Amino acid sequence: GDGVTDCSDALRSALHDCADTNDCLYVPPGDYLVDAAVTCMARQGRLVLCGDGANVARLIINQTDGLAFTFEQNGVRQRPGMVMRDIGISARGRCGTALQVSYGSPPITQDHDRPSLTFRDVVIESGDDGSFLSGIDLESAWNPTLSNVFISGRPRHGEWQNLSGSGV
């Protein structure tokens, strides 16, 4: 959490362990440098990633894509998905998409009655240090819940121009 040491491999490994065991990955206070895109395939149930607050636990994405999660389908039912809360994701340099979540391209699902994912108190921020092309990319996610999610750039010369693509 010093903002200097690359934690990409450790983060990837911890997310895979949590995806296999349905545990929560807790991100303690600090700035965590991510120098390589982190991908995770979840084949079990829900994946939970939480910190102590968006300005307290922060992933700094350095000139790459950020986090990408893929959830396998369970026949015609969607996996419970993920919960992300109390965490910040910031750009350093020119970055791709900050957060991607995909449920693939199922021909049909039968569980439109429950949320596929929940993001609460999440900040995705482009700024003077860097910018994301896009904030969040969701694919085939039924009933996503986004609560207090901030995706933008900091004002520069009076304009919000640092996010060059789409927010969600």
Side-chain angles (χ1 to χ4, degrees), residues 1 7-8 10-32 34 37-61 64-91 95-127 132-153 163 165-168:
C7 71
S8 304
L11 181 59
R12 185 178 302 105
S13 177
L15 284 168
H16 281 280
D17 289 346
C18 288
D20 290 342
T21 60
N22 291 319
D23 286 330
C24 172
L25 175 58
Y26 168 68
V27 180
D31 289 334
Y32 297 87
V34 177
V38 174
T39 61
C40 181
M41 166 67 89
R43 292 181 170 91
Q44 302 294 319
R46 186 173 301 274
L47 177 62
V48 180
L49 176 65
C50 65
D52 280 330
N55 294 322
V56 180
R58 186 170 63 139
L59 304 177
I60 300 172
I61 309 302
T64 186
D65 283 324
L67 308 178
F69 301 96
T70 303
F71 292 87
E72 280 190 349
Q73 294 295 320
N74 180 14
V76 294
R77 301 222 22 114
Q78 211 171 55
R79 296 281 182 194
M82 72 178 303
V83 173
M84 180 180 287
R85 63 178 175 82
D86 300 313
I87 199 151
I89 302 174
S90 296
C95 301
T97 301
L99 180 59
Q100 299 174 9
V101 181
S102 173
Y103 289 89
S105 300
I108 185 170
T109 60
Q110 296 178 347
D111 54 352
H112 305 169
D113 58 320
R114 62 188 172 122
S116 55
L117 59 89
T118 302
F119 295 155
R120 180 172 290 121
D121 299 320
V122 174
V123 171
I124 297 176
E125 188 171 51
S126 296
F132 288 111
L133 175 62
S134 297
I136 298 175
D137 180 6
L138 302 178
E139 179 186 21
S140 299
W142 287 101
N143 302 321
T145 302
L146 284 73
S147 173
N148 196 30
V149 175
F150 176 84
I151 305 170
S152 190
L163 185 66
S166 57
V168 178

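Source: prediction; values computed, not measured.
Each of V149, T118, V101, L67 was compared with M84 under the side chain to side chain contact (heavy atoms under 4.5 Å, CB included) criterion, and only L67 meets it. The one candidate from L138, N143, T145, V83 that meets the side chain to side chain contact (heavy atoms under 4.5 Å, CB included) condition with L117 is L138.
Here the CG-CZ distance, from L49 to F119, works out to 9.5 Å after rounding to the nearest 0.5 Å. Rounded to the nearest 0.5 angstrom, L15 CG and F69 CZ are separated by 5.0 Å. Separation of atoms CZ (R85) and CG (D52) is listed at 9.0 Å; rounding is to 0.5 Å. Taken from CG in L99 to CD1 in I124, the straight-line distance is 5.0 Å, to the nearest 0.5 Å. Between the OG atom of S8 and the CD1 atom of I61 there is a distance of 7.5 Å, given to the nearest 0.5 Å.
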Residues D23, D17; criterion side-chain contact (heavy atoms from CB on, under 4.5 Å); working and verdict: CA-CA 8 Å; D23 286 330; D17 289 346; over 6 Å; no

Intermediate values then yes/no, side-chain contact (heavy atoms from CB on, under 4.5 Å), T39 and T70: CA-CA 8 Å; T39 61; T70 303; over 6 Å; no

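The closest side-chain heavy-atom distance from I136 to V122 is not below 4.5 Å. The side-chain heavy atoms of C18 and V48, taken from C-beta on, include no pair separated by under 4.5 Å. Contact check for V168 versus I151: side-chain heavy atoms found under the 4.5 Å cut-off. Residues L11 and L25 form a side-chain contact, since some pair of their non-hydrogen atoms from C-beta on lies under 4.5 Å apart.
Taking the side chain to side chain contact (heavy atoms under 4.5 Å, CB included) definition, one finds that D20 meets it with nothing, sequence neighbours left out. By the salt bridge (charged side-chain N to carboxylate O under 4.0 Å, His left out) test, R12 pairs with D9, sequence neighbours left out. Partners of D31 under the salt bridge (charged side-chain N to carboxylate O under 4.0 Å, His left out) rule, at least two apart in sequence or in another chain, are R58.
Scanning both residues, Y32 and C7, for their nearest heavy atoms gives CB-SG, 3.5 Å. Nearest approach of F150 to E125, heavy atoms of both residues: CE2-OE2, 4.2 Å. The heavy-atom pair separating P28 from A57 by the smallest distance is O-CB, 3.7 Å. Between H16 and M41, the shortest heavy-atom contact is CE1-N, 3.9 Å. Nearest heavy-atom pair, C24 versus C50, reported as atom, atom and distance to 0.1 Å: SG-SG, 3.3 Å.
D65 contributes a side-chain N or O that, together with a main-chain N or O of T97, makes up a donor-acceptor pair within less than 3.5 Å.
Open room surrounds CG on N55; 12 or fewer heavy atoms of other groups in view lie less than 6.0 Å from it.
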